[in-house]
Protein chains: 2
Amino acid sequence: MIKLSTKGRYGTRLMINLAGHFKAGQDAVILKNISDEEDISIRYLEQIIIPLKIAKLVKSIRGAGGGYTLARSPSKIRLCEILEVLEGSCCLVECVDDSDFCRRTDSCAAHEIWAEASRVLKDYFDQFTLQDLLSIQEKKKAQARSHGSLRPAGRTSCGQAHRRRASGAH
Amino acid sequence: MIKLSTKGRYGTRLMINLAGHFKAGQDAVILKNISDEEDISIRYLEQIIIPLKIAKLVKSIRGAGGGYTLARSPSKIRLCEILEVLEGSCCLVECVDDSDFCRRTDSCAAHEIWAEASRVLKDYFDQFTLQDLLSIQEKKKAQARSHGSLRPAGRTSCGQAHRRRASGAH
DNA sequence: GGAATTTCAACACAATTTTATATGATTACT
DNA sequence: AGTAATCATATAAAATTGTGTTGAAATTCC
Ligand code: FES
Ligand code: FES
């Protein structure tokens, strides 16, 4: 699938959410809040936000009245930064970053392709800041409203994996 | 990482290998051969080649003297086809293909981005045929020879995962 | 016809990574 | 002190990434 991991997907939504609150003037949002709004488990959000904090994309405020907030304004944070922090890098294969990963790169045609594809993808993600994503979101919301095409439930959201839940009680 | 799975990587190398033999006029290559040349387990190759056969990208010939061969000439097989067969699709997230996967796509900014990024990536992979990859490979080999920059071992190859093998005998 | 070679099918198994959930300690505000 | 929040581990379920085995079916060669 060449799939984006859930960390990348959830993390992006987490950051978009924080960006929204940032714009609204709030300075600390608690994870419970984000968890409710985005329908992602708090426990998982706690794990996802750690690398974002280490990378100084978000700031944490401990104790009562604390929470998280963006470390910079949404227009100063690029999607590419978020993904690199959460996915390790935007590289499609290890040997693009780590030349020791596979020998025979001298004769491997695929290596060229993966490397260039990684660059193409990175360049694409580098175009967008959180501010851009916020703008897209607002435009979409306005469109959905005017269009009157409200989805029935609208509870869960992108990247959500709680679909096949056949395993019963656990 | 937005990583390409091993199936995509190994499968691409498998196809490049078949393409090489196809060009050389051989009409059936046995997996043992590919396994030795590419340093990928036969058992795993057997699993990987099944979808390629179903998708009619390779033909199988049973019995003694049999093996596998490309179903079409290398110039008629695009990298994108191979990856779509092995990775399910080139989509970065499920909701791009499956609109039921996540609700709230109406207001999800990320959805737009993932969808467009998937298209960018697919377009990139669509550029190359197996013939192109063969040409790249030959050019690289020639370069490596003339350059005299032979790597010490040169045994294993791209996408190979046999690195940290600390778990002892098994 | 029989032996050898090869794909094909169906499992069982294990290591690792991904994807989460659970529990409790730590910090800071009131 | 009490509460609200982050922070730190531990654990578990599931998917990915393989390897191993056993045999059946098809085809070639002798
Ligand atoms: S709706 Fe699927 S990514 Fe957000
Ligand atoms: S050398 Fe790493 S992909 Fe081939």
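The model shown is predicted, which means the values in this text are computed figures rather than measured ones. Quick note on labels: first sequence line is chain A, next is B, and so on, each numbered from 1.
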If you look only at pairs with a residue in residues 72-82 of chain B, which of them pass as a side chain to side chain donor-acceptor pair (under 3.5 Å), with sequence neighbours excluded?
-> B:Arg72-B:Glu81, B:Ser73-B:Ser75
A:Glu138: what forms a salt bridge (Lys or Arg N to Asp or Glu O under 4.0 Å) with it, not counting sequence neighbours?
-> none
Counting any heavy atom closer than 4.0 Å, what does A:Ile50 reach on the DNA or RNA strands: base, sugar-phosphate only, or nothing?
-> nothing
Whole angstrom value for the distance that separates P of D:dA14 from NZ of A:Lys3 = 16 Å
Would you mind reading off the distance between A:Leu45 atom CG and C:dA20 atom P, rounded to a whole angstrom?
-> 11 Å
Is there a residue in residues 64-72 of chain A whose heavy atoms reach under 4.0 Å of DNA chain C, and which residues are they?
-> A:Ala64
Not counting sequence neighbours, list each pair that qualifies as a side chain to side chain donor-acceptor pair (under 3.5 Å) and has a residue in residues 49-63 of chain B.
-> none
hbond_proxy A:Gln47 side chain to C:dT21 base (donor-acceptor, 3.5 Å cutoff) | yes
So does B:Ser41 get a side-chain nitrogen or oxygen closer than 4.0 Å to the phosphate oxygens (OP1/OP2) of D:dT19?
-> yes
Pair A:Asp132, A:Thr129: side-chain N/O donor-acceptor within cut-off below 3.5 Å = yes
What's the CD1-P distance between A:Ile48 and C:dT18, to the nearest Å?
-> 13 Å
B:Ile30 CD1 to C:dA4 C1', straight-line distance once rounded to whole Å | 13 Å
For D:dT16, take OP1 and OP2 only and decide whether either is under 4.0 Å from a side-chain N or O of B:Thr6.
-> no
To the nearest angstrom, how far is B:Ile42 atom CD1 from C:dT7 atom P?
-> 8 Å
Atom-pair distance (CD on B:Glu46; P on C:dA10), nearest Å | 13 Å
In whole angstrom, what separates B:Ile61's CD1 from C:dT5's C1'?
-> 14 Å
Could you check which of D:dG20, C:dT21, C:dT7 has an atom nearest any side-chain atom of B:Arg43?
-> D:dG20
What residue among A:Leu31, A:Val29, A:Leu45 forms side-chain contact (heavy atoms from CB on, under 4.5 Å) with A:Tyr68?
-> A:Leu31
Quick one: is B:Lys59 getting a side-chain N or O under 4.0 Å of the C:dT7 phosphate, OP1 or OP2?
-> no
Check the distance between C:dA9's P and B:Leu31's CG and give it to me in whole angstrom.
-> 13 Å
B:Ala55: partners by side-chain contact (heavy atoms from CB on, under 4.5 Å), with sequence neighbours left out | B:Leu57, B:Val85
Review item, side-chain donor-acceptor pairs of residues 15-24 of chain A, under 3.5 Å, at least two apart:
unit_1	atom_1	unit_2	atom_2	d
A:Asn17	OD1	A:His21	NE2	3.2
A:Asn17	ND2	A:Glu37	OE1	2.7
A:Asn17	ND2	A:Glu38	OE2	2.9
A:His21	ND1	A:Gln26	OE1	2.7
A:His21	NE2	A:Glu37	OE1	3.3
A:Lys23	NZ	A:Gln131	OE1	3.1

Considering only heavy atoms and no angle criterion, is a donor-acceptor pair shorter than 3.5 Å present between the side chain of A:Arg62 and the base of C:dA28?
-> no
Think B:Lys53 has a side-chain N or O under 4.0 angstrom from the OP1 or OP2 of C:dC8?
-> yes
